[in-house]
> 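I'd like to ask you about the structure that follows.
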Amino acid sequence: MTKVKVYEKKISQGRRSLFLDFYPPIIHPETKRETRREHLRLYVFERPKTESEKEQNKETKMLAENIRAKRQIEFQAGNYGFSIARQKQKDFLEFVEKLAQTKKSDSNSNYENWSSVLKYLRKFTNGICRFGEIDDKFCNNFKEFLLKHPNISNNTASSYFDKFKASIHRAYDEKMIAEDFVKNIKSIKVKNTKREFLTFEEFKKLAETPFDEFDDLRRASLFAVFTGLRYSDIEKLTWGEVQFSNEQGYYIRFRQKKTEEEETLPVSDEAIELLGDQGESNQRVFENLQYWQCERLPIWLIRAGIEKKITFHCFRHTHATLQITNGTDIYTVSKLLGHRSIKTTQIYAQIIDEKKREAVNKIKLR
């Protein structure tokens, strides 16, 4: 076992430099060369004259002893190299940025989430954060920062904090920090959010209500209910992705923007009718559809006599709940929605169970 001691060396201006001596010699974690010394950049007066100089010598030697004790513990744990001063000064934010760049090959959404984590880390740290600043308190404070931020929902905070924890795990694995500081910090618990949707009767009323000033938005909204597609996939849908075969009928071959996975989605004849006259292969199906138009959805809903707060994404929820209500098994619904995990789809089954409970409670004798 390597033993660590504090030694002094006389230097200029009546001072002595403190350094650690290792015996037997160790392999330096950065240079990879054998060495017996680590310079602490701590200095004491060789012959202290005043009480102030004596007190300063005492405190400096205590600090050197604390470092020595910490190094000894690191050797015993096989973790030497984490607390090298140069390592502590490295940029943690730059480390996270490089880690985020590696996520580009996964999917756009995953990369965007990592980029958001980095953005909020920069806000939390005012743009400066060294590895030496990372500890349990820092990690817990960032968790609270995410939870209390007015622009971050609970579930988004949960996702961001899990990615932050992953970055700390990676830093520990790469020997950038001495401890895995988030190992014992719990993730943010995900809450079941209310997913608003239209009943079949409401969907029918909406379909029968004109919205001539934004006809592409009207047709795209109804198409979303029929197919369960996200706005991002409907907005970029081209005629070349709408295909037909005698065996399968109409279907869409497309790459999900969120997951970047290739999908083949069957489409009903009634949904196809909403698309209008076919255009060129590379032409967008909904040419005049713009995201800002979604702000006008409440106007259409009020005309239809629907008071619910419905966003465009609620049409995807409507597709899922109507499918399950009409007996489609949850596995099939999961595939139709392009979910990677059936757990994501189970929330819709829970919604239907709640509606059943509401229904039976309506029958009362008193």
> When you compare the side chains of Asn282 and Thr238, does any donor N or O come within less than 3.5 Å of an acceptor on the partner?
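No - no donor-acceptor pair under 3.5 Å links their side chains.
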> Side-chain contact, heavy-atom cut-off 4.5 Å: Arg16 with Lys9?
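Sidechains of Lys9 and Arg16: no contact.
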> Have a look at Tyr231 and tell me which of Phe223, Phe315, Phe312, Trp292 forms a ring-ring contact (aromatic ring centres under 6.0 Å, His included) with it.
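Single pass found, and it is Phe312.
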> Run the ring-centre check on Phe131 versus Phe95 and record whether the distance is less than 6.0 Å.
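Ring centres of Phe95 and Phe131 closer than 6.0 Å.
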> For Arg230, is there any backbone N or O sitting under 3.5 Å from a side-chain donor or acceptor partner on Lys257?
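Not a single qualifying donor-acceptor pair exists.
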> Could you check whether any side-chain N or O of Glu196 sits under 3.5 Å from a backbone N or O of Lys309, counting only pairs where one atom can act as donor and the other as acceptor?
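Side chain of Glu196 to backbone of Lys309: no pair is present.
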> Do Leu297 and Ser221 touch side chain to side chain, with heavy atoms closer than 4.5 Å?
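Yes, at least one pair of side-chain atoms sits under 4.5 Å.
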> Does atom NZ (Lys236) have a neighbourhood of more than 12 heavy atoms from anything else shown, all under 6.0 Å?
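Yes, because the 6.0 Å sphere around NZ of Lys236 holds more than 12 heavy atoms from other groups.
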> Hey, what's the ring geometry for Phe161 with Phe142, parallel, tilted or perpendicular (30° and 60° as the breaks)?
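Because their plane-to-plane angle lies in the 30° to 60° range, the rings of Phe161 and Phe142 count as tilted.
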> Say whether Arg253 and Thr264, considering side chains only, have a donor N or O and an acceptor N or O under 3.5 Å apart.
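Result is yes, a qualifying pair exists.
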> Considering residues at least two apart in sequence or located in another chain, which fulfil the side-chain hydrogen bond (donor to acceptor under 3.5 Å, both in side chains) criterion with Glu261?
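With sequence neighbours excluded, Glu261 shows a side-chain hydrogen bond (donor to acceptor under 3.5 Å, both in side chains) to Arg340, given in chain and number order.
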> Kindly indicate whether the side chain of Gln283, heavy atoms from C-beta on, has any atom under 4.5 Å from the side chain of Gln278.
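Answer no - side chains too far apart.
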> Output side-chain donor-acceptor pairs under 3.5 Å for residues 197-209, partner residues at least two apart or in another chain, one line each.
unit_1, atom_1, unit_2, atom_2, d
Thr199, OG1, Glu202, N, 3.2
Thr199, OG1, Glu202, OE1, 3.3
Glu202, OE1, Thr199, N, 2.9
Glu202, OE1, Lys308, NZ, 2.9
Thr209, OG1, Lys205, O, 2.7

> For Glu97, which of Lys119, Lys103, Arg122 qualifies under salt bridge (Lys or Arg N to Asp or Glu O under 4.0 Å)?
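Running salt bridge (Lys or Arg N to Asp or Glu O under 4.0 Å) over Lys119, Lys103, Arg122 with Glu97 returns exactly one hit, Arg122.
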> On the six-membered ring of Phe211, is Arg218 placed so that its NZ or CZ lies under 6.0 angstrom from the centre and within 45° of the ring axis?
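Relative to the ring axis of Phe211, which defines the angle, Arg218 lies outside at least one limit.
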> With distance as the sole test, does Asn154 use its side chain to make a donor-acceptor pair with the main-chain N or O of Lys189 at under 3.5 Å?
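Pair found, side chain donor or acceptor close to backbone of Lys189.
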> Using a cut-off of 6.0 Å, state whether more than 12 heavy atoms not belonging to Glu280 lie near its atom CD.
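Open.
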> With a cut-off of under 6.0 Å to the ring centre and 45° to the axis, is Arg36 in cation-pi contact with Phe22?
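Judged by the rule (NZ or CZ under 6.0 Å from the ring centre, within 45° of its axis), Arg36 is not positioned above Phe22.
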> Quick one, Asn288 and Phe214 - any side-chain contact, counting heavy atoms below 4.5 Å?
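Asn288 vs Phe214: side chains apart.
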> Looking at Phe244, I'd like to know if its CZ atom is crowded, meaning that more than 12 non-hydrogen atoms belonging to other residues, nucleotides or ligands lie closer than 6.0 Å.
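Yes, enclosed.
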> Yes or no on salt bridge (charged side-chain N to carboxylate O under 4.0 Å, His left out) for Lys61 and Glu65, after CA distance, side-chain angles and deciding distance?
CA-CA 6 Å; Lys61 288 180 178 180; Glu65 176 57 27; over 6 Å; no
> Any donor-acceptor pair under 3.5 Å linking the side-chain atoms of Ser159 with those of Asp162?
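There is no such pair between these side chains.
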> If we ignore hydrogens and angles and just use 3.5 Å, is the side chain of Asp233 paired with the main-chain N or O of Leu229 as donor and acceptor?
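No, because the side chain of Asp233 does not come within donor-acceptor range (under 3.5 Å) of the backbone of Leu229.
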> Contact between Lys5 and Leu20 at the side-chain level, heavy atoms closer than 4.5 Å - yes or no?
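Sidechains of Leu20 and Lys5: no contact.
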> So for atom CZ, which belongs to Arg68, do other residues, nucleotides or ligands contribute more than 12 heavy atoms lying within a distance under 6.0 Å?
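Yes, the 6.0 Å shell around CZ holds more than 12 heavy atoms from other groups.
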> State, yes or no, whether a side-chain contact exists between Glu51 and Glu55 at a heavy-atom distance under 4.5 Å.
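The answer is no; the side chains never approach within 4.5 Å.
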> Hey, mind stepping through Arg170 and Asp173 against salt bridge (charged side-chain N to carboxylate O under 4.0 Å, His left out) and telling me if it holds?
CA-CA 5 Å; Arg170 177 68 70 87; Asp173 290 343; 5.6 Å; no
> Check ring-ring contact (aromatic ring centres under 6.0 Å, His included) between Phe138 and all other residues, then give those that pass, not counting sequence neighbours.
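Listed in chain order: Phe124.
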> Quick check: does any side chain N or O of His39 sit under 3.5 Å from a backbone N or O of Arg41, one acting as donor and the other as acceptor?
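Checking the backbone N and O of Arg41 against the side chain of His39, no donor-acceptor pair under 3.5 Å is found.
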